[in-house]
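Notes to accompany the following structure.
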Amino acid sequence: MLESLTQTPGSQHRLGRRHRLDQDQAPYAQALSALASRDPIKLMVPGHGGTEAGNSGLLADFIGDRAVRLDVPMLLEGIDLEDDSPFADSLALAADAWGARRTWFLTNGASQANRTVALAVAGLGDHVIAQRSAHSSFSDGIVLAGLHPSYVSPSVDSANGIAHGVSVASLESALRLADNEGRPASAVYIVSPSYFGSVADVRGLADVAHSHGAPLIVDGAWGPHFGFHPSLPESPTRLGADLVISSTHKLAGSLTQSAMLHLGEGPFAEVLDPLICRAMTMTASTSSSALLMGSLDVARRTLATGEDGIGQSIDTALHLRELVRTDDRFADVSTGFGNFPDIADTDLLRVPIDVSATGISAHWIRDRLMSGHDVFFEMSTDTTLVAVIGAGKTPDVDAVFAALGEVVDSPAGRAEAASGGVRTDFPELPAPGRMRVRPRDGYFASTEIVSVAEAVGRISADSLAAYPPGVPNVMPGEEITAEVVDFLTAVAASPSGFVRGAVTSAVDCYRVLAD
C-alpha cells in the first residue's frame with residue numbers, strides 16, 4: 001500500500017529546507033489508491049473495467065490486480081478534474097521539489113518534452129541555437145515547429161569516441177555570431193548531463209543565454225535526481241535554466257515512459273508559461289496513463305524524502321568506481337573529465353568504464369554479460385560500458401565486477417582480444433554542410449534516393465548520426481559534403497559502426513531533395 005512509503009522520523013531530506021511544501025505525501029497517487037480500494041463498478045473506459053473478472057484475468061496475471069484497479073481514465077472528480085484536485089497538488093509538489101515555477105507530468109517520455117519545447121519556443125522566434133548532439137526527438141521538434149536552427153558543437157573525447165557538452169565560451173561565440181548576422185537566437189538548447197555523466201556549467205550557460213535575450217532549455221533527461229543530495233549536482237532549474245526536460249523514469253524511479261517538464265523562475269517564465277501550455281495540448285495524450293502519472297507522484301515523494309537512500313546509492317557507485325580504478329584492465333572515464341572545458345561536475349550515479357585495455361569491444365562484453373550472467377549495463381560504445389545506478393538503489397556491484405572479469409578472462413574473451421576487434425582510432429568529426437533549406441522544408445520535400453557519388457552537393461532529407469559518438473553529421477536541409485560522406489562510409493564499414501537514420505546500414509545511398 002502507498003502508506004508503506006511513509007518515512008521514518010529524522011529521514012527528511014536535508015536539502016528539503018528549501019521546500020515550501022510538505023514533500024512527504026503523494027496526493028494524486030493516494031487519490032487513485034482510495035478509488036481503487038472502493039472497488040467501484042466502472043461502466044466506462046478502459047475496457048478491462050478495473051477488475052480481473054471476465055476476460056481481464058490474463059491482464060491481471062501479467063501486471064497484477066492492483067495495477068488493473070489503478071488504471072483509471074482522466075477527468076474524474078476528486079482526482080484530477082478540479083483546479084484544486086489531488087493531481088494539481090501533485091504538480092505543485094513536483095515544481096517545489098525541483099525548484100521550478102511550474103511542472104507538467106508527461107506520459108510519452110522526455111521525447112514528448114523535447115517536441116513540446118520546440119513547438120513552444122517557436123512563439124519566441126524561429127532561430128534556436130542547439131547543441132549539435134541533441135536528442136533526435138528535439139530534431140523532430142525542430143521539423144514540427146518549422147524552426148531555423150544553428151548549432152554549437154559539443155566537446156568530444158576522441159580517445160573513446162564520446163560526446164560531452166557545450167562550454168560557456170562556445171555558446172558565447174555562437175550567440176555573438178548570431179547577433180552579428182542579424183538573426184539573434186530566440187532560444188538556446190543544451191544537453192546536461194551527458195550519457196556518460198558529464199555535467200555542464202548550467203549557471204554560466206544560463207547567464208550567457210540571458211545576456212543575449214534568449215531562454216536556456218536544458219535537456220536534463222539523464223539528471224532527474226539532481227538536487228536531492230549534496231553530493232549530486234544541483235537541479236538545473238535552481239541554476240537559472242528556463243526549461244528543463246526531466247526523464248524521471250531513468251534514474252528517479254518512476255515507470256518507463258514517464259517524465260516531467262519544468263519551467264524555471266527566470267526572466268522568460270511569464271512568456272513561456274502559456275506557450276508551453278498551448279504546446280502541451282498538441283503533444284499530450286487525452287488519455288494519459290494514471291499509472292505513469294501516479295508513478296511520477298510517488299517517485300517525487302521518494303526522492304524528496306530519501307536523501308539517506310540516495311547516499312547509499314552514491315556509496316555503491318563509488319565502490320564500483322574504486323573496483324574499476326584498482327584493476328589495470330579497466331579505467332574510470334570520468335577521471336578524465338577535468339580535461340574538457342565544458343564539464344563542470346559529474347553525476348556519481350553513472351559509472352563509465354573504459355575497457356579498451358582489454359583489447360575487447362565493450363559491445364561484445366556487454367552482450368556476454370547479458371547472455372551469460374544476466375548483468376545488464378545501460379549502454380556501450382567500442383571502448384566504454386556505462387553503468388546506471390538508480391537513486392535509492394544498491395545493486396551488488398561486487399558481483400557485477402566479478403562477472404565483468406569472468407567475461408574478459410574467459411577463453412572466448414581472450415580469443416576476442418586476439419582478434420583485434422576493438423576500435424580506438426576514432427576519426428575526427430567532419431564539419432557539417434551549410435543549411436540550404438529549413439529542416440522542415442527538407443524533411444517534407446519531394447525526395448529521391450541517390451548513390452554515394454551523386455549525394456555530394458545535394459540536400460539531405462534525413463538526419464544522419466554516426467555512432468560513436470552520436471552527434472548528427474547531417475540534418476534535413478543541410479548540404480551533404482564529400483567529407484561527411486567519407487566519414488559516414490568509414491563508420492558504416494567498421495565492425496561496430498552504426499549510422500542512425502541512414503537508408504541502408506552500409507550508407508551506400510542517401511535520401512535527398514529531388515531536383
Side-chain angles (χ1 to χ4, degrees), residues 88 91-92 94-95 98-131 134-152 171 175 178 183-192 202 205-206 209-210 212-221 223-224 235-237 239-248 258-286 288 293 296 438-440 443-444 475-476:
L91 293 177
W98 275 273
R101 171 192 175 106
R102 186 172 182 181
T103 291
W104 290 264
F105 285 0
L106 310 174
T107 57
N108 197 25
S111 296
Q112 179 189 342
N114 270 318
R115 298 182 184 108
T116 300
V117 299
L119 289 167
V121 299
L124 305 178
D126 66 357
H127 183 203
V128 175
I129 293 180
Q131 183 169 323
H135 192 267
S136 59
S137 57
F138 186 69
S139 300
D140 295 341
I142 286 173
V143 170
L144 291 170
L147 298 175
H148 192 181
S150 58
Y151 297 97
V152 57
L171 179 59
L175 286 163
R183 59 185 202 107
S186 53
V188 172
Y189 178 99
I190 65 103
V191 179
S192 178
V202 173
L205 292 167
H210 293 168
H212 287 264
L216 179 70
I217 305 163
V218 175
D219 180 356
S235 169
T237 47
L239 296 175
D242 300 285
L243 289 169
V244 178
I245 293 142
S246 181
S247 194
T248 322
S258 61
M260 297 186 193
L261 175 60
H262 304 296
L263 172 66
E265 294 274 14
F268 299 92
E270 291 288 344
V271 66
L272 285 172
D273 195 331
L275 290 171
I276 292 292
C277 286
R278 294 173 67 190
M280 279 290 293
T281 64
M282 301 179 68
T283 63
S285 171
T286 55
S288 292
M293 294 190 295
L296 288 170
R438 292 180 184 237
R440 180 181 178 89
Y443 186 88
F444 288 111
M475 290 289 291

| query | Applying ring pair (Phe, Tyr, Trp, His ring centres under 6.0 Å), which residue pairs with at least one partner in residues 102-129 are found, sequence neighbours left out? | reply | Phe87-Phe105
| note | When every non-hydrogen atom of Val202 is compared with those of Ala241, the smallest separation belongs to CG1-CB, 4.2 Å
| Do His135 and Ser247 have side-chain heavy atoms sitting under 4.5 Å apart? | no
| request: Indicate yes or no for a side-chain donor-acceptor contact from His212 to the backbone of Ala214 under 3.5 Å, with no hydrogens or angles considered. | output: no
| query | Should the ring pair Tyr189 and Phe138 be called parallel, tilted or perpendicular, given that the plane angle runs from 0 to 90° and is split at 30 and 60? | reply | parallel
| message | Would you compute the distance between atom CG of Leu243 and atom CG of Asn114 and round it to the nearest 0.5 angstrom? | response | 11.0 Å
| field | Contact summary for Thr107 and Ser288, nearest pair of heavy atoms | value | OG1-OG, 3.5 Å
| said: Closer than 3.5 angstrom, by distance alone: can the side chain of Asp242 be matched with the main-chain N or O of Ile217 as a donor-acceptor pair? | reply: no
| request: Determine whether Leu272 and Leu263 make a side-chain contact, defined as any pair of heavy atoms from C-beta on separated by less than 4.5 Å. | output: yes
| Exam field: side chain Ser235 to backbone Trp98, donor-acceptor pair closer than 3.5 Å | yes
| message | Using modelled atom types and a 3.5 Å cut-off, is there a donor and acceptor pairing between side-chain atoms of Gln131 and backbone atoms of Val191? | response | yes
| request: For residues Arg183 and Ser150, report the shortest heavy-atom separation together with the two atoms involved. | output: NH2-CB, 3.9 Å
| message | Are the side chains of Ile245 and Thr116 in contact, using a 4.5 Å heavy-atom criterion? | response | no
| In Å, rounded to the nearest 0.5 Å, how long is the span from CG of Leu147 to OG of Ser139? | 11.0 Å
| field | From CG (Leu296) to OG (Ser246), nearest 0.5 Å | value | 9.0 Å
| said: Using a 3.5 Å distance criterion without hydrogens, assess whether the side chain of Arg115 forms a donor-acceptor pair with backbone atoms of Asp140. | reply: no
| Closest approach of Pro224 to Thr248 (non-hydrogen atoms, all atoms of both residues) | CB-CA, 3.8 Å
| field | Least distance between heavy atoms, His210 atom then Pro267 atom | value | CE1-CD, 3.8 Å
| query | To the nearest 0.5 Å, what is the distance between CD1 (Ile276) and OG1 (Thr103)? | reply | 11.5 Å
| How long is the span from the CD atom in Gln112 to the CG atom in Leu106, to the nearest 0.5 Å? | 4.5 Å
| query | If you take all heavy atoms of Ala178 and Ala185, which pair is closest and at what distance? | reply | CB-N, 4.2 Å
